[in-house]
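Some notes on the structure that comes next.
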Amino acid sequence: MAMFDYSAGAGLYPCKTVRRTSRLRYKRFDSVAEALRFAIEDMPASMLRGSVLEVEEARYNGEQMRELYNADAYPLPRRGRQKN
């Protein structure tokens, strides 16, 4: 993967659930690294598939978010679960 700026600001749009019981809504993060940590480690795994991460003008789907999180360049220590 090409150079990626994990320090850029990011917006996370969690997927909408069928029953709409989730209280997760759009959330703004100071850095992509923090947004990825939240999406992978804190959000229910079932929600990652339909979620979108927006960084500047680019958008990343759940699979791309997992790739960015698993990349060697990811700057934060990984904690908790990491299911594929």
(request) Establish, from distance only, whether the side-chain atoms of Tyr69 and Glu41 form a donor-acceptor pair under 3.5 Å. (result)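 Side chains of Tyr69 and Glu41: pair found under 3.5 Å.
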Using atom types as modelled and distance alone, determine if a side-chain donor or acceptor of [X] lies under 3.5 Å from a backbone N or O of [Y].
X: Tyr6; Y: Leu68; result: yes
X: Tyr74; Y: Ala33; result: yes
X: Ser51; Y: Cys15; result: yes

Can you measure from [atom1] ([X]) to [atom2] ([Y]) and round to the nearest 0.5 angstrom?
X: Leu53; Y: Leu36; atom1: CG; atom2: CG; value: 5.5 Å
X: Arg59; Y: Tyr13; atom1: CZ; atom2: OH; value: 6.0 Å
X: Gln64; Y: Glu67; atom1: CD; atom2: CD; value: 6.5 Å
X: Asp30; Y: Ser7; atom1: CG; atom2: OG; value: 11.0 Å
X: Ile40; Y: Arg66; atom1: CD1; atom2: CZ; value: 4.5 Å

Work out which heavy atom in [X] is nearest to a heavy atom in [Y]; give both atom names and the distance.
X: Leu12; Y: Met65; result: CD1-SD, 3.9 Å
X: Gly11; Y: Arg28; result: N-NH1, 3.3 Å
X: Ala35; Y: Phe29; result: CB-CD1, 3.5 Å
X: Gly9; Y: Val55; result: O-CG1, 3.9 Å
X: Ala8; Y: Glu56; result: CB-OE2, 4.2 Å

Kindly indicate whether the side chain of [X], heavy atoms from C-beta on, has any atom under 4.5 Å from the side chain of [Y].
X: Asn61; Y: Val52; answer: no
X: Arg78; Y: Arg37; answer: no
X: Val32; Y: Asp5; answer: no

(message) Between Asp42 and Lys27, does any NZ, NE, NH1 or NH2 come within less than 4.0 Å of an OD or OE carboxylate oxygen?
(response)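 No, no charged N to carboxylate O under 4.0 Å.
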